[in-house]
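Please read these numbers as outputs of a predicted model, since none were measured by experiment. Order of the sequence lines fixes the chain letters, A, B, ..., with proteins taken first and strands second; residue numbering starts at 1 for each chain.
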Amino acid sequence: MEKTTIMVVDDSPFASKQIKDLVEENGYEVIGYAKNGEEGIQLYKELSPEIVIMDIIMPGIDGLETAERILKNDPKATIMMLSSLCDAGTLEEVHSIGLKYLIPKPWEDDVLLATLEILKKQRKANRE
Amino acid sequence: MTEILNMEETFDKIVVSITESLSGLTLSRVESVSASLLRMCRIIIHTRGQFEACMVCEAEPSLLQYIITQMHGGSPPDPEEAVLYMNEYMNIVCGRAVSAVNNATGNSSRLSVPVFYAQEEEFPGTDKKEQEEELCYQSAKGSMRFKVSYTLH
């Protein structure tokens, strides 16, 4: 069975390593990392990952703006936001750009995996 | 707003619980830490928005080294990545604390990217704000002090 491909956009090697270890043990494949928003936008164009896991607080353009720019180019992009900043206002901002999910850092592994499963199913339904 | 949210208690709970969650280390609150120990590493984060703050974590290098080693699964991260691990620790602690403040104020203040200063580096200091909390901790791996200077607009 083909693995769902993931790109991680996070300036923290801690988060990137943790995500890679977790998702690759659970049937996903991390095909790219970006350390900031600009890199993330470029890498998304090159790799077309099925799911993007995106931090919010990063050097340069933040994760919300990065997600917005990716969605402008590909309105069907599937993006999960990840941040230590996880209050109601930040969640509203996530919703305002058309995304549903904001996972708090540090995350619970089962919550992150369950959210990935939901996104995978939604993506499949959207593309059918 | 301070009557709704006890800032000292909020930050204290989050510093202790996040440190334990990321490293398994128990921090014990103390009145103060010895001035001689405060030749420490520092990590600084600012916020902008209704909660305008400058948060500084001062810690003995041995303590930060222990935390990031645990975050890296028990072996130290590469030297070129160590600062990024320290910054991520600060980002998670401050992000969760500012989230609690945001939920209490009904606003959404934003965080800057953390900046790390090694022991030998000159620290630029912090802007004066209306209020300040100082939280001191001891642990088996060293001491730490969190300073939160803030203005609630």
Side-chain angles (χ1 to χ4, degrees), chain A residues 8-22 24-25 33-40 53-68 81-97 99 102-112, chain B residues 5 10 14-15 17-24 45-51 55 67-116:
Chain A
V8 181
V9 186
D10 196 317
D11 58 320
S12 161
F14 167 67
S16 300
K17 180 183 182 302
Q18 295 275 310
I19 291 168
K20 179 182 167 65
D21 291 349
L22 175 67
E24 294 199 337
E25 277 174 15
Y33 299 100
K35 294 191 293 293
N36 57 53
E38 288 86 350
E39 264 185 44
I53 301 178
M54 174 94 68
D55 186 24
I56 292 182
I57 304 158
M58 293 187 289
I61 59 171
D62 69 20
L64 290 166
E65 192 178 338
T66 304
E68 213 168 359
M81 303 305 292
L82 194 66
S83 184
S84 59
L85 206 53
C86 49
D87 54 277
T90 306
L91 182 59
E92 265 180 40
E93 288 185 64
V94 168
H95 289 165
S96 74
I97 60 169
L99 299 176
L102 170 62
I103 305 293
K105 280 184 178 181
W107 59 82
E108 298 288 337
D109 288 352
D110 51 357
V111 172
L112 193 141
Chain B
L5 184 75
T10 300
I14 288 170
V15 170
S17 66
I18 294 293
T19 304
E20 186 150 17
S21 159
L22 292 176
S23 70
I45 284 188
H46 293 91
T47 65
R48 58 187 157 82
Q50 189 182 24
F51 178 65
M55 295 167 281
I67 291 171
I68 66 171
T69 296
Q70 295 309 304
M71 287 168 71
H72 193 250
S75 62
D78 293 339
E80 63 269 23
E81 286 192 339
V83 168
L84 296 173
Y85 272 73
M86 292 179 203
N87 286 351
E88 181 69 352
Y89 166 71
M90 183 68 170
N91 169 52
I92 293 174
V93 169
C94 293
R96 294 303 285 260
V98 172
S99 297
V101 176
N102 284 346
N103 281 332
T105 59
N107 277 272
S108 189
S109 298
R110 300 294 285 272
L111 288 180
S112 69
V113 174
V115 179
F116 176 82

A.B. asks: Once rounded to the nearest 0.5 Å, what's the spacing between atom CG of Asn91(B) and atom CD1 of Ile57(A)?
C.D. replies: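 Answer for the CG-CD1 pair, Asn91(B) versus Ile57(A), is 4.5 Å.
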A.B. asks: Any side-chain to backbone donor/acceptor pair from Asp87(A) onto Val101(B)? Under 3.5 Å, distance only.
C.D. replies: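 Answer holds: no.
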A.B. asks: Take atom CD of Glu24(A) as the centre, draw a 6.0 Å sphere, and report whether it contains more than 12 heavy atoms from other residues, nucleotides or ligands.
C.D. replies: yes
A.B. asks: Of all residues at least two apart in sequence or in a different chain, which pass the side chain to side chain contact (heavy atoms under 4.5 Å, CB included) check with Ala15(A)?
C.D. replies: Asp10(A), Ser12(A), Lys105(A), Trp107(A), Glu88(B)
A.B. asks: Find out whether Ser99(B) and Thr90(A) are in side-chain contact, i.e. whether some heavy atom of one side chain is under 4.5 Å from a heavy atom of the other.
C.D. replies: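 In short, these two side chains do not touch, never coming nearer than 4.5 Å.
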A.B. asks: Kindly write out the residues that satisfy salt bridge (Lys or Arg N to Asp or Glu O under 4.0 Å) with Glu20(B), not counting sequence neighbours, or none if the list is empty.
C.D. replies: none
A.B. asks: Can you name the residues that form a salt bridge (Lys or Arg N to Asp or Glu O under 4.0 Å) with Asp109(A), not counting sequence neighbours?
C.D. replies: none
A.B. asks: Select one option (side chain, backbone, both, neither) describing which atoms of Leu91(A) are under 4.5 Å from chain B's heavy atoms.
C.D. replies: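 Neither part; nothing is under 4.5 Å.
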A.B. asks: Looking at chain B, which one of Pro106(A), Pro13(A), Cys86(A), Gly89(A) has the largest number of heavy-atom pairs inside 4.5 Å, strictly under?
C.D. replies: Pro13(A)
A.B. asks: At a heavy-atom separation under 4.5 Å, does Ile18(B) approach chain A through its side chain, its backbone, both, or neither?
C.D. replies: side chain
A.B. asks: I'd like to know whether Ile92(B) forms a side-chain contact (heavy atoms from CB on, under 4.5 Å) with Phe14(A), so could you lay out the CA-CA distance, the side-chain angles of the two residues, the decisive distance to 0.1 Å, and finally the verdict.
C.D. replies: CA-CA 11 Å; Ile92(B) 293 174; Phe14(A) 167 67; 4.3 Å; yes
A.B. asks: Give, as side chain, backbone, both or neither, the part of Asp21(A) having an atom under 4.5 angstrom from any heavy atom of chain B.
C.D. replies: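 Neither the backbone nor the side chain of Asp21(A) comes within 4.5 Å of chain B.
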A.B. asks: Roughly how far, to the nearest 0.5 Å, is OG of Ser83(A) from CG of Leu111(B)?
C.D. replies: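 If I round to the nearest 0.5 Å, the distance is 7.5 Å.
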A.B. asks: Quick one: which residues of residues 78-85 of chain B reach chain A at under 4.5 angstrom, heavy atoms only?
C.D. replies: Glu81(B), Leu84(B), Tyr85(B)
A.B. asks: Measuring heavy-atom distances to chain A, does Asn87(B) have an atom under 4.5 Å in its side chain, in its backbone, in both, or in neither?
C.D. replies: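 The answer is neither part of Asn87(B).
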A.B. asks: Got a sec: does the NZ of Lys17(A) have more than 12 other heavy atoms crowding it under 6.0 Å?
C.D. replies: yes
A.B. asks: Examine whether an atom of Glu93(A) lies under 4.5 Å from a heavy atom of chain B, and if so say whether it belongs to the side chain, the backbone or both; otherwise answer neither.
C.D. replies: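 Contact with chain B involves the side chain of Glu93(A) alone.
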